[in-house]
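A short worksheet on the structure shown next.
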Amino acid sequence: MKPVLRSLLPAVLALLGAANLAVADPLGAPGVSVLGAGLHSYKECSTCPDEGSNQSEVAGGNGIANATTTFFDNAAFSWFAAGSLAGDNALPELNAYAQAKVPPLGLGFVSASASALGLQKYHYTGTEDGSYEITFTVDGSLSGDGESVNAGVTAFSSDYDPLLEGAGQNTLLASNSMSIDASLTSGPFAENRSISFNIGAGEDFFVLAFLNANAFWADGLSLPGIADAANTMKASFTAGDVALLLAVPEPTTYAMMLAGLGMVAYASRRARRQRT
């Protein structure tokens with residue numbers, strides 16, 4: 001595909017599809033949020049009305065340690081996104097897959113996207129200032145020419161507020177990201193990046209990780225393809241004393257919290273039934 005046309009595709013997608021697709025709220029507390037979306041727009045003839053379909057789903061949120069969204073039944077697009085806080089060091093483990101196919105009718109375009117976001121909080125128990133390094137890795141595969149995978153990890157201080165970042169409050173400790181594009185990378189890839197930061201004695205900090213997979217096809221302009229990062233984006237502490245870190249809350253407590261909330265809801269419903 002010509003570079004000029006390829007550079008226009010994101011703008012076309014934003015104009016035609018953004019209004020119909022779900023948007024995940026930013027995480028403000030430990031948890032996982034995932035988003036999957038697909039859009040198929042076409043005309044059967046140059047003078048025919050616009051037709052097509054779109055699907056989207058958001059799952060997870062604050063206080064939820066595992067979330068998944070999957071859609072593989074459409075002839076035009078597919079997606080898969082998942083995240084978990086139950087991995088090594090309680091850092092987020094993320095998955096994302098998006099596919100744009102050639103639908104039965106052309107004269108249009110197809111887009112697919114999958115995103116996973118994970119936020120974990122830590123308490124540093126050291127009595128002196130500490131230094132840490134986090135390394136994240138993404139193994140995946142790309143085909144087509146409008147497909148891409150993007151990933152990154154950011155560390156924030158304890159005052160982190162997603163609604164205030166960039167608006168008078170800057171709690172950034174360190175950040176790094178990667179972007180792999182199918183027009184430059186075809187087939188399997190393996191990438192890793194690292195961040196390093198210092199933390200004061202007895203302080204808390206947040207680690208935010210994201211992973212996006214995007215696929216796009218346009219009749220006569222681009223190739224169908226797949227952005228596959230479903231083999232898990234993993235992060236780990238590769239420098240610093242991990243024994244001095246406590247995940248807040250610990251991953252195992254998420255299930256207990258959810259089970260407890262479920263029991264409270266069940267007891268409340270049962271009490272109401274008994275009163276009636």
Side-chain angles (χ1 to χ4, degrees), residues 17-39 54-72 77-98 111-122 134 136 138 140 148-156 158 160-167 171-172 175-179 204-215 227-235 247-258 261-262:
N20 295 321
L21 301 179
V23 177
D25 292 331
L27 292 171
V32 170
S33 177
V34 296
L35 166 66
L39 179 64
N54 67 77
Q55 297 282 341
S56 63
E57 183 180 51
V58 176
N62 292 330
I64 297 178
N66 297 277
T68 302
T69 178
T70 305
F71 187 84
F72 279 98
F77 52 78
S78 298
W79 78 66
F80 165 71
S84 172
L85 293 184
D88 293 342
N89 307 316
L91 285 163
E93 295 185 358
L94 308 177
N95 316 75
Y97 172 98
S111 71
S113 62
S115 300
L117 192 69
L119 180 68
Q120 183 60 290
K121 184 178 182 180
Y122 293 90
I134 296 175
F136 62 98
V138 179
S148 64
V149 169
N150 307 284
V153 167
T154 301
F156 294 98
S158 59
Y160 168 71
D161 185 333
L163 300 179
L164 295 179
E165 291 303 311
T171 61
L172 177 68
S175 183
N176 205 347
S177 62
M178 66 176 72
S179 181
D204 295 342
F205 65 93
F206 289 89
V207 176
L208 177 69
F210 77 87
L211 177 64
N212 300 326
N214 304 286
D228 185 356
N231 289 329
T232 308
M233 168 190 171
K234 291 186 177 181
V248 184
E250 295 182 12
T252 53
T253 65
Y254 283 100
M256 296 174 63
M257 290 166 56
L258 293 175
L261 290 173

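In terms of modelled atom types and a separation under 3.5 Å, the side chain of Asn54 and the main chain of Leu39 share no donor-acceptor contact. Judged by distance alone, the side chain of Thr232 and the main-chain N or O of Lys234 form no donor-acceptor pair under 3.5 Å.
Counting all heavy atoms, side chain and backbone alike, Gly28 lies closest to Asn62 at N-OD1, 3.1 Å. Heavy-atom minimum distance, Ala112 versus Ala98: O-CB, 3.7 Å. Heavy atoms only, all atoms of each residue included: Ile64 and Asn66 are closest at CG2-O, 3.3 Å. In terms of heavy-atom proximity, Ala96 sits nearest to Asn212 at CB-C, 4.4 Å. Looking at every heavy atom in both residues, Ala116 comes nearest to Ala82 through CB-O, 3.5 Å. Shortest non-hydrogen contact noted between Ala151 and Met233 is CB-SD, 3.8 Å.
At least one side-chain heavy atom of Thr154 sits less than 4.5 Å from a side-chain heavy atom of Leu172. Counting only heavy atoms from C-beta outward, the side chains of Phe206 and Thr171 never approach each other to under 4.5 Å. A 4.5 Å side-chain heavy-atom check between Val34 and Thr68 finds every atom pair outside the cut-off. Within the 4.5 Å cutoff, the side chain of Lys121 has no heavy atoms near those of the Tyr160 side chain.
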inquiry  = Using the rule given for side-chain contact (heavy atoms from CB on, under 4.5 Å), can you reason through Gln55 versus Trp79, listing the C-alpha separation, both sets of side-chain angles and the distance that settles it, and then say yes or no?
reply    = CA-CA 10 Å; Gln55 297 282 341; Trp79 78 66; 3.7 Å; yes
inquiry  = side-chain contact (heavy atoms from CB on, under 4.5 Å) for Asp161 and Phe156? Distances and angles first, verdict last.
reply    = CA-CA 9 Å; Asp161 185 333; Phe156 294 98; over 6 Å; no
message = Run Val153 and Val207 through side-chain contact (heavy atoms from CB on, under 4.5 Å) and show every step you take.
response = CA-CA 7 Å; Val153 167; Val207 176; 3.9 Å; yes
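Separation of atoms CG (Leu85) and CD (Glu93) is listed at 9.5 Å; rounding is to 0.5 Å. From Asn95, atom CG reaches atom OG1 of Thr69 across 12.5 Å, with rounding to the nearest 0.5 Å. In this structure, Leu27 CG and Gln120 CD are separated by 11.0 Å, a value rounded to the nearest 0.5 Å.
Not counting sequence neighbours, the partners of Phe77 by the ring pair (Phe, Tyr, Trp, His ring centres under 6.0 Å) test are Phe71. For Phe210, there are no ring pair (Phe, Tyr, Trp, His ring centres under 6.0 Å) partners at least two apart in sequence or on another chain.
Under the 30°/60° scheme for interplanar angles, the aromatic rings of Tyr97 and Phe72 are found to be tilted.
Looking only at atom types and distance, the side chain of Asn214 has no donor-acceptor partner in the side chain of Ser113 under 3.5 Å away.
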